[in-house]
Amino acid sequence: MSEKDTSRRRFLQAAGSATAAVALAGCSGNGGEPTDGTQTTSAGGDETQTTTSPEETTERPEPETRDGYLQRANLHCHEQAPWVFLNRQYSVYGRSSDIEWEPRTDERVSAYAIEPATDDGDDVVMTQSQMDSGLDPQDHRETPTDNIVLQAYEGLLERDREGAIVETLATDYERLDETTVQFTVRDNVSFHSGDSLTPEDVAYSINRIVDPDVGIESPQVDQLIGVEGAEVASTDDRTVNVNLAGLNPIVFASFATYCDVMNKSWVESNDDAYINQNMEGTGPFVLSNYEQGVEVEFQRNNDYWDDEAAISTFTINSASESSTRVNRLLSGETDIAVNVPPQEVSRIEENDGSSISAVPSTRVLFNAMRYDVEPFDSPEFRQAINYAIDLDSIVENVLQTFGSPTGQPTLEGFFGHNGDIDPYPQDLERAEQLVEESGYAGAEIELVTPIGRYLRDVEIAQAVAAQVDELSNVSASARQVEFSTLVSQVTTGNIEDKPPWYLLGWGNATFDAIQTIQPLLASDGALTSYKNDELDSLLDEAQSLPSESN
């Protein structure tokens, strides 16, 4: 087995340890928000600031570092409340004793990291809550599809279990100047068809994501934020130059998480429908059967450029009902059950042949509130909804401590996290007062939630709606939709296609604030629900400075 899957100590440190997360779950905090019109908090740099009303622009000294600008961006989001801030999600898996495997914080389940523990562990099955939205690795934005395509497709770089960047299809990478980075493409690598990997394939794959004229309008364009294009620098030494719009401080972190490499000639020879039902990667597993919406089967790639996988086959199927996933595990039909709800943990632990593996994930759960529609166009109303929520109760009673409250878009342990921001406390009197100030007293609002995509998503949404409904001047309810329906609405690039108020989760395996705030809250973000010049300016400044983390 390669170094891709080593000890998880550093990886957990990067995302915040389980111990720290559990401790945070028990912290009620003061919300960092004024109940009397004043507030003292860090501005995101070294200085401490006193603010007045959170809906007003507050004069603060300019940050001096990228970290400072990102912390300031998080403070802005907390004050302007474009979301109902909910919780950090834990990844909870049920695991068969037939296999050796440990979950990763970034929620990626690579069959390459699985080893047989018994004779029955050579052919492994995983059951997740959703199937893929197609097999094109550059034409989706969801983790369930990621967990399918990553078995066959690879990128230039990736992160090992400890969080360090390691070479995959690149053997070297460097920054040539402020707007150019260079990758050296690994030699003697073949696609599953037998075609050799070339620098041209790599440049094409990058351009296919960032340039809509290359073939598709990839929804992953902002995952390579600041990348303008790529070109073959030299076929003799197998180098590819990537052109950047500016300094792009997280360019290598982005490539360690995103940009699967595809076979240019294969893509150009087939239409989108074929590419979404077949796979032509360089990865450790080869697609052997695909039944859309039902099951995907892989077999070991015996010509893999690195050590061969330890297991022979890997099958992924789905069940949106958590009880079905657990029952399959207990009956021996599956080896990994994804998103095990807290109430099922004891049933798995008490069963011979199965156990629970849980880890704090890189995913934040939130309720987006569109800034352009009533009543959510009022910062006071958005703050009121946050004050109406008892996050500690949701973590304790709905998630049974498999989560921790959040008060900003960036999770603890990520670069740019603002440690001086606490989650909003529940304060119903303050919430009702803010509703009156917003001018939207009597509002009736509906929270749209996916079914079974995230740990207890429906139950969280119902708890949120019930708590908001306790306000004397707001009526709230929850409505369930299929995850695919919600995805189709939030990924169109048009804010008007999104529900006014919806529950979503966002994983960020780069461990950098920009990859959460930019796509979800910047004015030009691919999935944005918010528009604000001050926030855009803070993000622009952050991207113009070198990252102290790299």
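For the numbers below, each heavy atom of this structure counts, side chains included, while hydrogens, waters and symmetry mates do not.
For the residue pair Glu429/Gln433, the side-chain donor-acceptor check at 3.5 Å is not satisfied. Side chains of Gln182 and Asn241: a donor on one and an acceptor on the other come within 3.5 Å. Using modelled atom types, one finds no donor on one side chain facing an acceptor on the other under 3.5 Å when comparing Gln138 with Ser218. Side-chain atoms of Gln408 and Thr410 include no donor-acceptor pair closer than 3.5 Å.
At least one donor-acceptor pair under 3.5 Å links the side chain of Asn508 to the backbone N or O of Asp512. Put simply, the side chain of Arg238 never gets that close to the backbone of Thr184: no donor and acceptor are under 3.5 Å apart. Asn418 places no side-chain N or O within 3.5 Å of a backbone atom of Arg72 that could act as its donor or acceptor partner. Remark: the backbone N or O of Ala230 is not paired with any side-chain donor or acceptor of Asn243 at under 3.5 angstrom. Counting only distance, with no hydrogens or angles, the side chain of Asn207 and the backbone of Asp211 share no donor-acceptor pair below 3.5 Å.
Atom CG of Leu538 is separated from atom CD1 of Ile514 by 10.0 Å, given to the nearest 0.5 angstrom. Separating the CG atom in Asn87 from the CD1 atom in Ile389 is a distance of 12.0 Å, to the nearest 0.5 Å. Expressed to the nearest 0.5 Å, how far OH of Tyr258 lies from CD of Gln515 amounts to 5.0 Å. Annotation: the span from Tyr93 atom OH to Glu107 atom CD amounts to 5.5 Å, rounded to 0.5 Å. Rounding to the nearest 0.5 Å gives a distance of 12.0 Å between CG of Asn494 and OG1 of Thr528.
Partners of Phe366 by ring-ring contact (aromatic ring centres under 6.0 Å, His included), not counting sequence neighbours, listed by chain and number: Trp83. Contacts of Phe402 classified as ring-ring contact (aromatic ring centres under 6.0 Å, His included), with partners at least two apart in sequence or in another chain: none. Remark: Arg453 pairs with no residue by the salt bridge (charged side-chain N to carboxylate O under 4.0 Å, His left out) rule, at least two apart or across chains. Judged as a salt bridge (charged side-chain N to carboxylate O under 4.0 Å, His left out), and not counting sequence neighbours, the contacts of Asp222 are Arg141. By the salt bridge (charged side-chain N to carboxylate O under 4.0 Å, His left out) test, Asp260 is found to be paired with no residue, residues two or more places apart in sequence or in another chain being considered. Evaluation of the side chain to side chain contact (heavy atoms under 4.5 Å, CB included) rule for Val398 yields Ile394, Arg456, Glu459, Ile460, Ala463 as partners, not counting sequence neighbours.
A salt bridge between Lys498 and Asp372 is absent, with no side-chain N of the basic residue lying under 4.0 Å from a carboxylate O of the acidic one. Salt bridge status for Arg186 with Asp306: absent, with no side-chain N to carboxylate O gap under 4.0 Å.
Just one residue in the list Asp201, Asp213, Asp136, Asp139 forms a salt bridge (Lys or Arg N to Asp or Glu O under 4.0 Å) with Arg208, and that residue is Asp136. Tested against Cys259 for a side-chain contact (heavy atoms from CB on, under 4.5 Å), the candidates Val227, Leu224, Leu157 yield a single pass: Leu224.
No side-chain heavy atom of Val364 sits under 4.5 Å from any side-chain heavy atom of Arg88. Looking only at side-chain heavy atoms (C-beta outward), Thr143 and Arg363 come within less than 4.5 Å of each other. Side-chain contact between Glu79 and Gln383: absent, with no pair of heavy atoms (C-beta onward) separated by less than 4.5 Å. Between Val214 and Tyr204, some side-chain heavy-atom pair lies under the 4.5 Å cut-off. With contacts defined as side-chain heavy-atom distances shorter than 4.5 Å, the pair Arg382/Tyr530 qualifies. By the 4.5 Å heavy-atom criterion applied to side chains, Leu504 and Tyr454 are counted as neighbours.
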TODO: Please step through side chain to side chain donor-acceptor pair (under 3.5 Å) for the pair Asp237 and Thr239, ending with a clear verdict.
DONE: CA-CA 6 Å; Asp237 61 9; Thr239 50; 2.7 Å; yes

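Smallest separation of non-hydrogen atoms from Leu75 and Ile421: CA-CD1, 3.5 Å. Closest non-hydrogen pair, Val395 versus Gly403, comes out as CG1-O, 3.4 Å. Taking all atoms of both residues into account, the shortest heavy-atom contact from Ala476 to Trp501 is CB-CZ3, 4.3 Å. Contact between Leu365 and Gln89 at its shortest, heavy atoms only, is CD2-OE1, 3.2 Å. Closest of all the heavy-atom pairs between Val490 and Tyr502 is CG1-CE1, 3.8 Å. In plain terms, the two heavy atoms of Tyr387 and Ala431 that are nearest each other are CB-CB, 3.8 Å.
Aromatic ring orientation, Tyr440 versus Phe381: perpendicular (interplanar angle above 60°, classes split at 30° and 60°).
Checked against a 6.0 Å centroid threshold, the rings of Phe255 and Phe183 count as neighbours.
Shown here is Glu200, whose CD atom has no more than 12 heavy atoms of other residues, nucleotides or ligands within 6.0 Å. Taking a 6.0 Å sphere around CG of Asp533, one finds it holds 12 or fewer heavy atoms contributed by other residues, nucleotides or ligands.
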